[in-house]
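To keep things clear, I will list the structure first and then write my remarks on it.
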Amino acid sequence: MSDERARSWAILTARLMLGFMFFMTGVTKVFSMGPTEHARQLFVEPYAETFLPAWSLWVVGTAIPLVELVAGALLLLGLFTRPALLSLGAVLVTVTFGHLLAEPFFQFHGHVLPRAVLLLFVLSMPAALDIFGLDQWLHRRSSSGAVT
């Protein structure tokens with residue numbers, strides 16, 4: 001197997017793992033818990049006494065489950081991969097900030113770090129090597145002159 005092909009398989013594996021992590025979390029938060037209940041339980045109540053305005057806690061707490069669901073699904077498909085990764089990167093930065101605001105010595109190794117490592121790996125690889133995603137399939141199709 002060529003180095004390029006091996007990197008393509010590595011990207012696929014990392015992209016799928018990350019996609020499942022976020023997609024399944026998003027499914028639970030959106031369809032079992034509900035975005036507004038997620039916001040209330042995990043953002044508004046825990047951070048009500050901080051300097052953060054209540055409206056921002058509601059907006060971010062409601063949006064994160066939807067971003068996780070949609071961006072996770074996009075990663076699974078390999079579609080709009082870069083925007084999905086950047087969106088999930090913003091989620092990880094937000095979660096990191098929140099955890100550190102609540103607990104300055106928060107341990108990241110169980111939740112944030114594995115996602116961040118996978119995300120940074122996929123994001124740092126050339127998009128053209130992600131040959132198993134829909135992004136590259138669509139790119140090859142449009143490059144070959146196929147009618148879309």
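What's counted below: heavy atoms across the whole structure, side chains too, no hydrogens, waters or symmetry copies.
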Measure the shortest side-chain to side-chain distance between Glu45 and Leu57 over non-hydrogen atoms and say whether it is less than 4.5 angstrom. no

Applying side chain to side chain contact (heavy atoms under 4.5 Å, CB included) between Leu69 and each of Ile64, Val30, Thr25, report the one that passes. Val30

Indicate, with yes or no, if Leu18 and Leu92 share a hydrophobic cluster defined by side-chain heavy-atom contacts under 4.5 Å among Ile, Leu, Val, Met, Phe, Trp and Tyr. yes

Do you reckon Leu100 sits in the same ILVMFWY cluster as Tyr47, going by side-chain contacts under 4.5 Å, direct or chained? yes

Using only atom types and a distance under 3.5 Å, with no angle test, would you say the side chain of Arg82 pairs donor to acceptor with the backbone of Leu123? yes

Indicate yes or no: at least one non-hydrogen side-chain atom of Asp135 is less than 4.5 angstrom from one of Asp130. no

With a 4.5 Å heavy-atom cut-off, do Phe97 and Leu52 have their side chains touching? yes

Over 12 non-hydrogen atoms of neighbours within 6.0 angstrom of CE in Met125: yes

Please test Phe51 against Leu101 for side-chain contact (heavy atoms from CB on, under 4.5 Å), starting from the C-alpha separation and ending with a verdict. CA-CA 10 Å; Phe51 65 91; Leu101 183 61; 3.8 Å; yes

Can you list the residues that meet the ring-ring contact (aromatic ring centres under 6.0 Å, His included) rule with Phe132, with sequence neighbours excluded? Trp9

Is there a side-chain contact between Leu134 and Phe80, using heavy atoms and a 4.5 Å cut-off? no

Decide whether Leu88 and Leu12 are clustered together by the hydrophobic rule: side chain heavy atoms of Ile, Leu, Val, Met, Phe, Trp, Tyr closer than 4.5 Å, transitively. no

Salt bridge or not for Glu4 and Arg7, using N-O below 4.0 Å? no

Is Phe20 atom CZ crowded by more than 12 heavy atoms from other residues, nucleotides or ligands, each under 6.0 Å away? no

Using the six-membered ring wherever Trp is involved, compare the ring planes of His38 and Phe43 and label them parallel, tilted or perpendicular (cut-offs 30° and 60°). tilted

Beyond-backbone contact of Phe108 with Val95, side-chain heavy atoms, under 4.5 angstrom: no

Residue pairs passing the side chain to side chain donor-acceptor pair (under 3.5 Å) test with at least one member in residues 56-80, sequence neighbours excluded, are Lys29-Glu68

May I ask whether Leu120 and Val122 are part of the same hydrophobic cluster, defined by side-chain heavy atoms of I, L, V, M, F, W, Y residues being less than 4.5 angstrom apart, directly or through others? yes

Verify side-chain contact (heavy atoms from CB on, under 4.5 Å) between Arg115 and Val91, making sure each step is shown before the conclusion. CA-CA 11 Å; Arg115 288 166 173 81; Val91 168; over 6 Å; no

